[in-house]
Amino acid sequence: MTVLKTSLRNFLAHKGRMALSAIAVLLSVAFVCGTLVFTDTMNTTFDKLFQVTSSDVTVSAKGASDTGETTSDTGKPPVLPAAVVGKIERAPGVKSAEGTVFSTSVTVVDGDKEKLSPTSGAPTIVGNWNANDARTMKITTGAAPQGSGQIMVDADTAKKHHLRLGDDIGVITAVGTHQARVSGIATFTVTNPGAAIFYLDTKTAQQALVGRTGVFTNVNVTAAQGVTDARLKRDVSAALGTGYKVQTAKEVADANQQDVKSFLDVMRYAMLGFAGIAFLVGIFLIINTFSMLVAQRTREIGLMRAIGSSRRQVNRSVLIEALLLGVVGSVLGVGAGVGIAVGLMKLMGRIGMHLSTDDLTVAWTTPVAGVVLGVVVTVLAAYLPARRAGKISPMAALRDAGAPADARAGVIRAVIGLVLTGVGAASLAAAAGSDHATTGSAWLGFGIVLTLIGFVVIGPLLASGVVRVLGAIVLRVFGPVGRMAERNALRNPRRTGATGAALMIGLALVACLSVVGSSMVASATDQLDKTVGADFIVQSDNGSVITPQAVDALKSTPGLERVTEYKILPVTMTTPDGKVSKNESLNAADPSYAEDLRTKTVQGDLADAYGADSMSVFAGFAKDHGIKLGSQVGVAFKDGRTAKLTVRAITSDEVVVDKGAMYVSIATAKKYVPADKMPLDLLFFATAKEGQQDAAYKALKASLHDYPQYTVRDQTDYKQALKDQIGQLLNLIYGLLALAIIVAVLGVVNTLALSVVERTREIGLMRAIGLSRRQLRRMIRLESVVIALFGALLGLGLGMGWGATAQKLLALQGLKVLDIPWPTIITVFIASAFVGLFAALIPAFRAGRMNVLSAIATE
């Protein structure tokens with residue numbers, strides 16, 4: 001009980017000094033709990049949506065996906081004959097059956113040809129207004145569509161795009177463009193996760209989406225009273241026979257939820273990974289806090305030992321303080337985590353994915369996990385300082401309080417750090433020299449972990465040398481004040497190393513990802529310059545196929561020398577070794593594609609692969625199946641016949657564009673696939689006539705003005721789009737890493753604040769002999785700057801090493817250019833100095849306000 005009282009008294013006595021450590025715990029726990037609450041809430045939202053929107057049993061075509069996604073390579077959804085509805089209605093246990101037709105392979109535009117698709121990645125759905133939709137939506141303005149000239153839109157989409165009754169709407173599908181005017185607006189009675197939904201009358205929907213009436217994509221079946229979904233499924237299946245997909249409401253909901261779960265799992269684990277990095281950084285802050293508190297209480301602990309306290313009691317006292325810190329920080333972090341989750345929901349609402357706070361889900365495991373994690377991490381971080389406190393002898397009561405001199409790190413620590421760093425460097429070298437990506441990735445991960453730990457362990461030794469160098473370059477120009485700042489940073493290399501290590505971790509990851517991202521862009525750009533011979537690339541940004549109408553407009557564009565079509569055909573292959581490879585695909589293109597994409601071959605000439613009954617394979621596939629030039633491969637085209645194609649070329653695996661592609665000519669594909677089953681073009685390549693590139697570029701954009709779902713890019717545009725995509729991903733990662741960097745900055749603030757308290761008497765003496773307040777504040781700021789620059793130098797150097805090694809592995813995938821983004825690296829390094837200045841503001845201000853006499857009298 002005495003130990004508990006002592007711990008509580010010490011905790012309350014030093015609560016101000018522990019505040020920043022508590023904030024670090026709070027932030028880390030909040031990020032973990034916020035992630036769990038946010039993803040659980042999204043799961044709840046989608047669960048409710050799928051349960052409410054699913055009919056008791058859904059019947060769809062055999063080729064439809066389990067989730068109801070209707071996009072196909074023909075641009076049209078798979079359909080059922082309308083007569084199926086009558087068969088289902090006559091089945092036992094059926095109360096009602098209603099045919100529906102919908103498609104997600106659509107683009108909807110307003111009267112100005114502006115797309116009305118969600119920006120959140122949610123689908124755009126066009127279908128017929130039916131009884132099942134009426135269960136989850138209520139018409140709040142206007143009326144349901146009647147006739148081909150009317151369309152109804154959901155309220156969220158109408159609000160976002162300022163749509164009103166009577167506004168013109170264009171529905172673009174593989175069939176063509178259907179024009180209508182808004183007749184009504186329907187509001188969701190459940191949470192809308194962001195989809196844009198448009199409704200036509202049944203006959204119009206059939207014609208606009210499929211191109212003919214008398215067909216449906218789904219039949220929604222309602223069970224009679226007392227009939228279970230499972231029994232209804234058996235009865236409907238028996239009535240229909242084979243050739244149909246019959247699913248219960250639970251099966252449809254589970255399939256939809258599985259798709260969402262895959263996305264949410266990636267999001268959850270990624271965000272938890274960044275929270276783990278923040279926890280790791282927070283460990284350094286907690287260790288530093290308790291180490292300095294123990295050092296400042298050396299004399300006090302010595303007196304406790306002198307009057308009878310055992311080592312175990314002293315050790316336990318410090319750990320109880322850490323436990324209190326962990327509990328306070330974690331409990332506050334759980335509450336802050338719920339706030340973060342609500343904030344993320346509001347942010348998602350701004351980009352179009354609407355999540356209601358009514359569905360806010362806080363599972364009992366979330367606060368428990370947050371508190372347990374925060375407390376365990378805090379106590380473990382305080383273990384070493386507690387153990388050090390327990391070793392203080394009663395004789396310490398006779399010495400001055402304060403940290404003992406620590407001019408250099410211990411020999412054992414230095415040796416361990418050097419060994420870990422050396423083994424880690426050897427692992428990185430092994431990764432860089434690896435011939436296989438899988439093996440190299442394992443070596444890379446091992447090397448990253450070991451070099452990171454090695455740098456942390458060897459930090460005090462590095463601090464002794466690096467700080468001197470930085471001091472000579474940065475601090476000496478400030479005269480005596482700069483030299484004192486340097487000596488303060490060198491006074492306790494272990495503390496400086498730990499503080500710099502916290503900042504090092506976040507910046508190492510920033511540097512590594514910057515190098516990888518920059519190298520990917522540079523490599524892809526280099527590959528485009530070397531391989532792409534076409535001037536323009538036409539495609540949809542969401543991967544949808546190109547409609548025949550757009551193809552006609554594109555081919556009629558003046559100023560083009562050639563236009564190359566490009567399709568993807570799903571096939572099953574029977575190779576010479578007797579193996580059957582399902583779920584393969586052939587890239588079907590015009591023979592001019594060999595000029596548009598100068599793909600490197602290891603055997604044969606790619607142009608020959610576009611001959612009759614010919615094809616190419618890539619080197620890895622050829623090696624795995626014993627394929628050589630002249631080998632024949634059995635190719636069963638989906639919805640077509642089986643062909644025997646002769647291999648005329650084997651392409652290299654060391655490419656970026658179309659890596660792993662196998663080519664065949666469109667003429668050969670048409671020989672075995674019926675015209676009505678032939679997939680639509682996925683993209684087009686176009687080449688302008690000599691000297692007419694600019695005119696052809698403008699003409700292409702004009703030709704596709706009525707088809708805003710497609711984008712025309714020249715090579716410059718394509719490179720910029722690639723750079724923007726990678727840049728957006730990196731910015732997202734940098735944003736998540738910002739939490740770790742914020743915690744590291746708190747560590748610098750805390751170290752300086754405690755250091756000021758520790759040096760109170762020293763500061764008083766310096767003021768007494770003539771050091772001004774301004775000089776004192778400058779000294780503390782310069783000390784903070786040099787610590788921040790020390791951490792930045794280690795982090796950026798380590799991160800560039802990791803990134804350069806990772807690029808060697810990317811080179812195995814064809815990304816062979818190493819590009820160090822020096823502007824980014826230099827900007828981050830300079831920004832670190834400002835971070836140091838910012839971190840020192842409060843400690844420097846407090847030091848400057850000290851009373852000189854009181855400071856001198858401090859023991």
Side-chain angles (χ1 to χ4, degrees), residues 19-32 34-35 270-289 329 333 336-337 340 343 377 381 448 452 455-456 459 496-517 727 729-753 781 783-800 802-803 821 823-843:
L20 292 177
S21 294
I23 292 174
V25 176
L26 184 155
L27 289 175
S28 302
V29 171
F31 203 64
V32 170
T35 297
M271 293 178 70
L272 289 178
F274 288 103
I277 294 170
F279 264 118
L280 180 61
V281 174
I283 286 173
F284 291 100
L285 195 161
I286 295 165
I287 290 174
N288 258 4
T289 298
I340 288 175
V377 168
I448 287 175
L452 179 61
F455 265 53
V456 170
T496 299
T499 307
L503 192 59
M504 175 190 75
I505 295 171
L507 296 186
L509 291 171
V510 168
C512 175
L513 294 169
S514 295
V515 171
V516 170
L729 177 62
L730 288 178
N731 288 336
L732 175 62
I733 294 173
Y734 295 157
L736 294 172
L737 280 174
L739 175 65
I741 295 173
I742 289 171
V743 174
V745 172
L746 292 177
V748 178
V749 175
N750 207 32
T751 297
L752 291 171
R781 288 197 297 267
E783 180 184 351
S784 178
V785 168
V786 80
I787 291 174
L789 290 178
F790 165 68
L793 196 62
L794 294 190
L796 294 176
L798 194 58
M800 285 192 288
W802 294 347
T824 301
I825 300 297
I826 293 171
T827 299
V828 170
F829 184 72
I830 294 174
S832 300
F834 287 97
V835 166
L837 283 173
F838 172 77
L841 290 178
I842 294 177

Can you tell me how far the [atom1] atom of [X] sits from the [atom2] atom of [Y], to the nearest 0.5 Å?
X	Y	atom1	atom2	value
Thr824	Leu513	OG1	CG	12.0 Å
Leu793	Met504	CG	CE	11.5 Å
Ile505	Leu794	CD1	CG	11.0 Å

Check Ala336 against Leu26 and note the closest heavy-atom contact, atom names and distance.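 In this case the closest contact between Ala336 and Leu26 is CB-CD2, 4.1 Å.
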What heavy-atom pair brings Ile286 and Ala381 nearest, and what distance separates the two atoms? CG2-CB, 3.7 Å
Quick one: side chain to side chain donor-acceptor pair (under 3.5 Å) partners of Ser784, sequence neighbours excluded?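 Testing Ser784 for side chain to side chain donor-acceptor pair (under 3.5 Å), a comparison that skips the adjacent residues, returns none.
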Tell me every residue that passes side chain to side chain donor-acceptor pair (under 3.5 Å) with Ser514, counting only those two or more places apart in sequence or in another chain. Tyr734
Side-chain donor/acceptor pairs under 3.5 Å, residues 272-280, sequence neighbours excluded:
none

Output a table of donor-acceptor pairs, distance under 3.5 Å, between side-chain atoms of residues 825-839 and any protein atom two or more places apart or on a different chain; print 'none' if there are none.
residue	atom	partner	partner atom	Å
Thr827	OG1	Pro823	O	2.6
Ser832	OG	Val828	O	2.9

Which donor-acceptor pairs under 3.5 Å do the side chains of residues 496-503 make with protein atoms, sequence neighbours left out?
residue	atom	partner	partner atom	Å
Thr496	OG1	Ala489	O	2.5
Thr496	OG1	Asn492	O	3.4
Thr499	OG1	Asn288	ND2	2.7
Thr499	OG1	Arg495	O	2.9
Thr499	OG1	Thr751	OG1	3.0

